Visitor: 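Before anything else, here's the structure in question.
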2 protein chains.
Amino acid sequence: MTTRRRPGLGTNQELARRHNLGTVLRHVHGAGQISRAELTGLMGLNRSTIAALVNELEALGITERVLPVEGTPRQGAGRPSAGVRIAEQGPFVIAVDLGVDRAVVARIGLGGRVLQRAQAPVRSDGEAWQVGAAVAGLIRCVVEEVPDAAQLVGIGVSVPGLVRNSDGLIRLAPNLEWHDVSFGGIVLAALGLDVPVSIANDADLGALAEHVRGVAVGVDDLIYVSGNVGVGAGVITGGVRLEGAGGYAGEVGHLRFNPAGRECHCGNRGCWETEVGAHAIAEAIHCPTDKVAQLDEVLDGFGEPSPALRATGTALGHGLASIVNVFNPRQVVLGGYFRSLYALVGPEVEAGLANRALPAPLESVTLTLPGLGSDSSLLGAAEIALEPLFVDPVAALGTALVGVGTRLAG
Amino acid sequence: MTTRRRPGLGTNQELARRHNLGTVLRHVHGAGQISRAELTGLMGLNRSTIAALVNELEALGITERVLPVEGTPRQGAGRPSAGVRIAEQGPFVIAVDLGVDRAVVARIGLGGRVLQRAQAPVRSDGEAWQVGAAVAGLIRCVVEEVPDAAQLVGIGVSVPGLVRNSDGLIRLAPNLEWHDVSFGGIVLAALGLDVPVSIANDADLGALAEHVRGVAVGVDDLIYVSGNVGVGAGVITGGVRLEGAGGYAGEVGHLRFNPAGRECHCGNRGCWETEVGAHAIAEAIHCPTDKVAQLDEVLDGFGEPSPALRATGTALGHGLASIVNVFNPRQVVLGGYFRSLYALVGPEVEAGLANRALPAPLESVTLTLPGLGSDSSLLGAAEIALEPLFVDPVAALGTALVGVGTRLAG
DNA sequence: GTCCTCCGTCCTCTCGCACAACAAATTCTG
DNA sequence: CAGAATTTGTTGTGCGAGAGGACGGAGGAC
């Protein structure tokens with residue numbers, strides 16, 4: 001992903017340098033390992049400039065040099081290029097994925113490698129501070145083996161709900177029954193730390209992760225539609241996250257679908273969510289209410305799809321058609337329990353989409369499953385926490401925390 | 001508006017310079033006239049740097065110096081700052097607004113001033129080459145008084161239809177009954193010229209114009225919903241046009257609205273357009289079919305709204321709710337005949353929106369009328385034609401044409 | 001009328017990137 | 001197998017762009 005600068009500003013020399021340094025790091029982060037020669041080609045800068053930038057990253061302890069021999073097998077003539085990769089004790093973030101029934105916490109290094117992970121069930125009627133304490137405990141678990149030199153850049157949190165982008169306040173998380181919760185503050189207080197916390201919607205983060213390291217690498221216009229009790233979407237357009245004025249963009253679950261339909265918890269009637277939401281599907285397949293949170297597993301254990309389930313697939317396709325018409329994505333990624341649903345009634349979904357979408361946007365769109373499985377949102381949470389590093393590596397390391405392992409152990 | 005660079009690239013010194021020069025010009029263009037001191041503050045660059053940039057623009061003949069006396073009345077102490085404004089014989093573009101029943105062509109200077117304009121009726125069953133010839137004739141009209149030194153930067157065209165952004169091909173214009181028309185080539189051939197032609201959807205351009213010089217100046221997340229026989233929307237998010245993979249984003253007219261509703265020309269049933277499109281409204285107010293293209297005027301002559309019209313207003317509000325949920329804009333601008341409709345049944349529209357939108361996105365959104373009246377799309381066409389000038393003024397002037405007046409007169 | 005504030009201009013300095021030359025490492029070719 | 005060809009890393013130099021300070025000018029505040 002790319003970030004956008006505030007428009008109208010001039011480009012300073014210092015700014016250009018920061019941008020170049022961050023962009024080099026972004027490439028290393030995205031590719032895992034990359035040669036200087038490739039960086040030269042990708043960024044359009046001179047060899048010597050790339051060398052200077054890489055050297056600076058090395059001096060900062062972020063990356064390390066790889067001998068040419070270790071790299072990929074040679075192609076073509078010429079001296080092999082030295083590789084750049086994330087340092088062994090490089091910076092890391094903590095990613096938190098708050099699900100409807102469990103919380104997953106992982107320590108994720110720059111470069112996207114999951115270094116440690118832990119998870120625990122979360123009661124859906126839990127108070128925010130209880131969940132925060134549980135998450136803090138999981139965080140303590142995953143920082144046990146942190147090397148002394150490694151720095152914590154920040155914490156990223158994925159939440160199934162509406163998150164205000166200006167301050168990360170969770171305005172509404174229906175499944176957790178939260179209203180206006182400042183979850184970042186709660187977790188930091190429980191940890192006794194002060195690091196940057198970034199919070200965003202789970203579908204938005206799913207889209208981000210699939211764009212950076214999933215099935216949509218190189219695709220600049222994609223939508224991640226997530227079935228997660230509620231239905232939401234994360235949108236990336238032109239390679240940038242679509243946030244909207246407050247950060248609430250992508251609430252496709254409450255698109256009007258059938259005004260004669262069922263009542264929705266939002267107060268309206270016939271929202272798309274009332275047809276393809278978890279409760280609707282559970283009803284269609286006679287799944288007990290207490291297993292709605294594990295709907296994906298229930299669906300995975302399904303054999304031949306029932307007519308009701310086929311109808312749900314068609315409804316999913318019809319709703320996707322509206323989304324495709326409105327956003328004109330190149331790729332639609334079906335996350336959450338839509339993965340399992342698509343495996344069962346894929347043809348119905350495709351047909352529903354093809355029947356209702358306009359020809360022009362339809363011809364360039366493809367429907368796919370996530371490349372990161374159920375970790376999309378978790379990895380997306382890591383991405384937003386890492387983001388400051390790509391905007392200004394030096395500044396981000398300045399606010400980063402060293403020795404987190406010992407600090408949290410005490 | 002701002003443009004986005006291809007991500008992943010490095011920032012060159014030359015690139016930074018071009019960007020700064022273009023940004024200065026963008027500010028002058030946006031403000032009409034601006035002082036060097038203001039530029040210094042806005043762009044965050046040094047006085048001497050701004051001076052160098054302004055001098056370069058003057059040397060290029062794009063801007064001219066304004067004595068401090070002529071400027072705005074002084075505020076505060078200190079030496080007054082010299083102003084910068086677009087030169088009298090500065091660059092200009094030709095903007096074309098293809099409507100459903102008429103074509104408007106204007107010569108528009110950098111800075112957004114309409115210098116000359118002309119219009120002619122267009123038969124809705126006209127072949128593309130006929131319309132192209134008519135437009136070429138109008139263009140000849142508006143370049144009659146062009147000063148010799150002034151340069152034509154390009155031609156911008158607003159089309160009520162789906163336009164492919166990669167090459168400007170008009171994929172589909174329902175009201176003109178066009179399929180896959182290369183209108184840019186047709187007009188250039190009729191003129192015997194070779195200048196850059198930019199083509200885009202009318203609602204997209206309406207949004208752009210309202211963002212740059214209309215009611216949404218300073219608003220970075222807005223939607224321009226245009227009623228223009230068909231219903232479409234232009235979206236600006238984060239200050240950037242939302243285009244989608246092919247450029248077709250914003251087709252809100254075919255959002256599913258009422259699956260039990262009327263058949264739509266797109267082949268589906270109950271699209272939003274079948275409830276708030278021109279034909280639906282015409283039917284509701286018993287307006288004859290041949291006056292549908294002038295629906296805005298018909299509505300303007302209306303007194304007390306009928307119940308059917310009130311219901312249409314509610315349907316408009318309900319559809320806007322879906323749009324607000326999905327895009328989370330700060331402002332929704334109602335263009336085309338929705339202007340007239342809103343004047344009649346504004347309360348119904350507002351109520352429909354408030355009843356169906358989610359609280360979070362609803363609280364920050366406002367419904368407004370266009371600040372540019374019916375010229376939104378025309379001025380937006382001028383903006384996309386001017387865009388290259390803000391990306392790289394020197395290069396854009398390099399491809400610009402001098403002496404267009406005499407060349408087209410002969 | 002004097003002081004203060006702010007602005008434009010000029011000059012110098014610094015910094016970042018490009019470029020060229022050379023050395024090194026590898027493949028290709030005869 | 002040896003030399004040519006190719007590509008890359010390294011180093012030093014040059015250029016260009018923005019920053020910063022000194023100076024003078026233009027107006028407001030007292």
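None of these values were measured; they are calculated from a predicted model.
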Visitor: Is there a salt bridge (Lys or Arg N to Asp or Glu O under 4.0 Å) between B:Glu243 and B:Arg164 once you walk through the steps?
Guide: CA-CA 10 Å; B:Glu243 297 192 55; B:Arg164 186 160 68 193; over 6 Å; no

Visitor: Can you name the closest pair of heavy atoms from B:Thr40 and B:Asn46 and give their distance?
Guide: CG2-C, 4.3 Å

Visitor: With hydrogens left out and only the distance checked, is there a donor-acceptor pair under 3.5 Å joining A:Arg79's side chain and the base of D:dT7?
Guide: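 No, no donor-acceptor pair under 3.5 Å.
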
Visitor: Counting only side-chain nitrogens and oxygens, does B:Asn20 get under 4.0 Å of the OP1 or OP2 atom of D:dG18?
Guide: yes

Visitor: What are the two closest non-hydrogen atoms of B:Arg330 and B:Val219, and how far apart are they?
Guide: CB-CG1, 3.9 Å

Visitor: Roughly how many Å is it from CG in B:Leu39 to C1' in C:dC7, rounded to a whole number?
Guide: 13 Å

Visitor: What integer distance in Å separates A:His19:NE2 from C:dG16:P?
Guide: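 Whole-Å distance recorded here is 15 Å.
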
Visitor: List in numerical order all residues of residues 50-61 of chain A for which some heavy atom is under 4.0 Å away from an atom belonging to DNA chain C.
Guide: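 None, since no heavy atom is under 4.0 Å.
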
Visitor: Produce the list of close N/O pairs, under 3.5 Å, pairing protein atoms with atoms of nucleotides 13-15 of chain C; give distances to one decimal.
Guide:
from	atom 1	to	atom 2	distance (Å)
C:dC15	O2	A:Gln13	NE2	2.9

Visitor: Strictly below 4.0 Å: does B:Thr49 bring a side-chain N or O up to OP1 or OP2 of D:dA19?
Guide: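 So the side-chain polar atoms of B:Thr49 do come within 4.0 Å of the phosphate oxygens OP1 or OP2 of D:dA19, strictly under.
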
Visitor: OP1, OP2 of D:dG9 versus side-chain N and O of A:Ser81: anything below 4.0 Å?
Guide: yes

Visitor: With distance as the sole test, does B:Asp392 use its side chain to make a donor-acceptor pair with the main-chain N or O of B:Arg18 at under 3.5 Å?
Guide: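 Absent.
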
Visitor: Given B:Arg26 and B:Glu387, is the salt bridge (Lys or Arg N to Asp or Glu O under 4.0 Å) satisfied, shown in steps?
Guide: CA-CA 9 Å; B:Arg26 197 188 290 274; B:Glu387 192 57 38; 3.2 Å; yes

Visitor: Show the nearest heavy-atom pair for residues B:Val28 and B:Ile86, with the distance to one decimal.
Guide: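 Minimum heavy-atom separation between B:Val28 and B:Ile86: CG1-CD1, 3.7 Å.
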
Visitor: Test A:Arg17 against A:Glu56 for side-chain contact (heavy atoms from CB on, under 4.5 Å), laying out the working first.
Guide: CA-CA 11 Å; A:Arg17 176 71 173 187; A:Glu56 187 167 347; 2.7 Å; yes

Visitor: Among residues at least two apart in sequence or on other chains, which ones pass salt bridge (Lys or Arg N to Asp or Glu O under 4.0 Å) with A:Glu38?
Guide: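 Applying salt bridge (Lys or Arg N to Asp or Glu O under 4.0 Å) to A:Glu38 gives none.
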
Visitor: Is any side-chain N or O of A:Ser48 under 3.5 Å from a base N or O of C:dC17, one able to act as donor and the other as acceptor?
Guide: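 Absent.
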
Visitor: Measuring to OP1 and OP2 of D:dT10, would you say a side-chain N or O of A:Arg36 lies under 4.0 angstrom away?
Guide: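 For A:Arg36, the contact criterion (side-chain N or O under 4.0 Å from OP1 or OP2 of D:dT10) is met.
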
Visitor: State the CG-CG distance between B:Asp220 and B:Leu222, to the nearest 0.5 angstrom.
Guide: 8.5 Å

Visitor: Mind checking B:Arg47 for me? I need base, sugar-phosphate or nothing, with any heavy atom below 4.0 Å counting as a touch.
Guide: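 Result for B:Arg47 = base.
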
